[in-house]
Amino acid sequence: MKLYAYCFTEDGDAPSESLTGIGGSQVRVLKAEGFSVLVSNFSADTVPVNRHNVLAHSAVIQRVLAHTTPLPLRFGALAGEEQLRNYVSAKHEALQEKFDSIRGCIEMNVKLISQGAEVVAEPHLPEPADKPGTAFLVQKKREILGSETRIAEAKRLTVWLEQHVGDLIKEASIEQGRTEKLILAASHLLERGVLEQYRARLKAAREERPELHFLVSGPWAPYSFANIELEFKSQFGVS
Amino acid sequence: MSSPFDHLIITEGGEPVDEVELSLLETLDHVLNRGLVIAGEITISVADIDLVFLGLNVLLSSVETANEVLRKRAVDDERKSAVDETPHTQE
């Protein structure tokens, strides 16, 4: 029997309420070396990505977030009990460091979406000539310049957003120019206590730039700040 | 009494969004693309992924991730069926 793992919490922080997980299985707490892993029994070898399972995974983590800040696992983590215990044992120090950085925090996400050409101006280039080779090169140049323009705009918006909420956030993960429309996707780690202030600052920012479309979501467990990338640092002393 | 952390809130242009699909897309973006990975491989199956996710794919790379997995799976399936259909020769 495999275990489906949802998240880690620090020992004693796991919620005592009854939680239902993927496939309607009861969620239970596996204690290991000062940490708790929330798991449920899972009999298959793979986890189907469907609406029901995705929401079940997310719901368990959101319920835990109501009590404490968990370290969320990515969807689809199947492992045996021994494998989980070995993981905790091997990564104990890194897990502790990670909890030290996210304790008492939540994640908020801001997506800034272009609503029209006024945000990211396309470069002006001559109309393609009749020759196919010239037309191809002009089109390529247009794509490259357009991409550069978007990245430059995304950088400007990153600085602008930082000016509004920078003092409220502990850590940020920024993705610029993911698509033509999505100029900026920012994940912010912040203390629970400043959430309302953060929302008010975003509201003010939105009023400043009505030409931008804001998509704000949260509070989330710190999904964007959960990964442990310390293997090289901890074992070999380099990053 | 509920706390502000009990409910996920998505706002668009400052107004809370009730649209289930948008909420679902944001959830997908988080649970499929982010979070701690404890094993080298994530054991998911996207055979029955709901295609409604494709509606707003301009926003979220989770859909791109899912599509990529779907494409790879389709290629693998094609290869597998091609191998299955190859007549076996008796030695």
Side-chain angles (χ1 to χ4, degrees), chain A residues 5 7-8 44-51 54-55 57-58 61-63 65-67 71-79 83-84 87 91 98 106-107 109 111 113 175 178-182 185 187 192 195-196 199 202-203 206-207 213-221 223-224 226-228, chain B residues 1-53 55-70 73:
Chain A
C7 60
F8 288 91
D45 288 330
T46 58
V47 190
V49 182
N50 55 39
R51 182 186 303 248
V54 164
L55 292 179
H57 175 97
S58 175
I61 293 170
Q62 287 298 125
R63 288 309 304 155
L65 183 67
H67 296 266
L71 195 54
L73 289 164
R74 194 172 293 194
F75 181 88
L78 285 180
Q83 198 181 353
L84 281 173
Y87 178 86
K91 300 278 193 295
K98 188 53 76 176
I106 45 115
E107 175 179 325
N109 290 110
K111 289 184 170 72
I113 300 155
E175 201 178 343
R178 192 195 285 183
T179 69
E180 198 172 317
K181 284 277 185 187
L182 180 56
S187 302
R192 289 168 184 249
L195 178 58
E196 290 313 314
R199 283 191 169 131
L202 278 186
K203 186 169 182 286
R206 200 164 41 236
E207 286 165 4
H213 196 78
F214 278 66
L215 182 65
V216 181
S217 72
W220 298 95
Y223 284 92
S224 305
N227 257 332
I228 293 175
Chain B
M1 187 183 159
S2 67
S3 81
F5 310 107
D6 285 348
H7 305 288
L8 189 64
I9 298 174
I10 297 179
T11 61
E12 196 181 13
E15 298 299 321
V17 174
D18 289 330
E19 290 175 32
V20 175
E21 303 309 338
L22 199 52
S23 170
L24 190 59
L25 283 164
E26 278 291 281
T27 303
L28 266 177
D29 189 31
H30 281 80
V31 307
L32 293 184
N33 288 329
R34 308 168 197 197
L36 179 61
V37 177
I38 56 169
E41 191 179 358
I42 290 288
T43 50
I44 60 174
S45 157
V46 293
D48 48 0
I49 192 164
D50 194 330
L51 292 181
V52 75
F53 298 155
L56 287 170
N57 65 1
V58 71
L59 293 183
L60 303 168
S61 71
S62 58
V63 177
E64 289 160 22
T65 305
N67 283 342
E68 186 59 29
V69 178
L70 275 171
R73 188 188 176 94

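Lettering follows sequence order; numbering is per chain, from 1.
A heavy-atom distance below 4.5 Å is not found between the side chains of B:L36 and A:K98. A 4.5 Å side-chain heavy-atom check between A:K111 and B:D29 finds at least one atom pair inside the cut-off.
Scanning both residues, A:R74 and B:L32, for their nearest heavy atoms gives CD-O, 3.4 Å. When all heavy atoms of A:S58 and B:V31 are compared, the pair lying nearest together is CB-CG1, 4.1 Å.
Atom CZ of A:F75 sits about 12.5 Å away from atom CG of B:N33, to the nearest 0.5 Å.
Listed options A:L71, A:I61, A:N109, A:L202 were ranked by heavy-atom pairs under 4.5 angstrom with chain B; first place goes to A:N109.
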> Are A:Q62 and B:T27 close enough, and set up right, to give a side chain to side chain contact (heavy atoms under 4.5 Å, CB included), and what steps lead you there?
Replying inline: CA-CA 11 Å; A:Q62 287 298 125; B:T27 303; over 6 Å; no

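The aromatic rings of B:H30 and A:Y223 lie perpendicular to each other, with more than 60° between the two planes, well past the 30° mark.
For A:E107, the part lying under 4.5 angstrom from a heavy atom of chain B is the side chain only.
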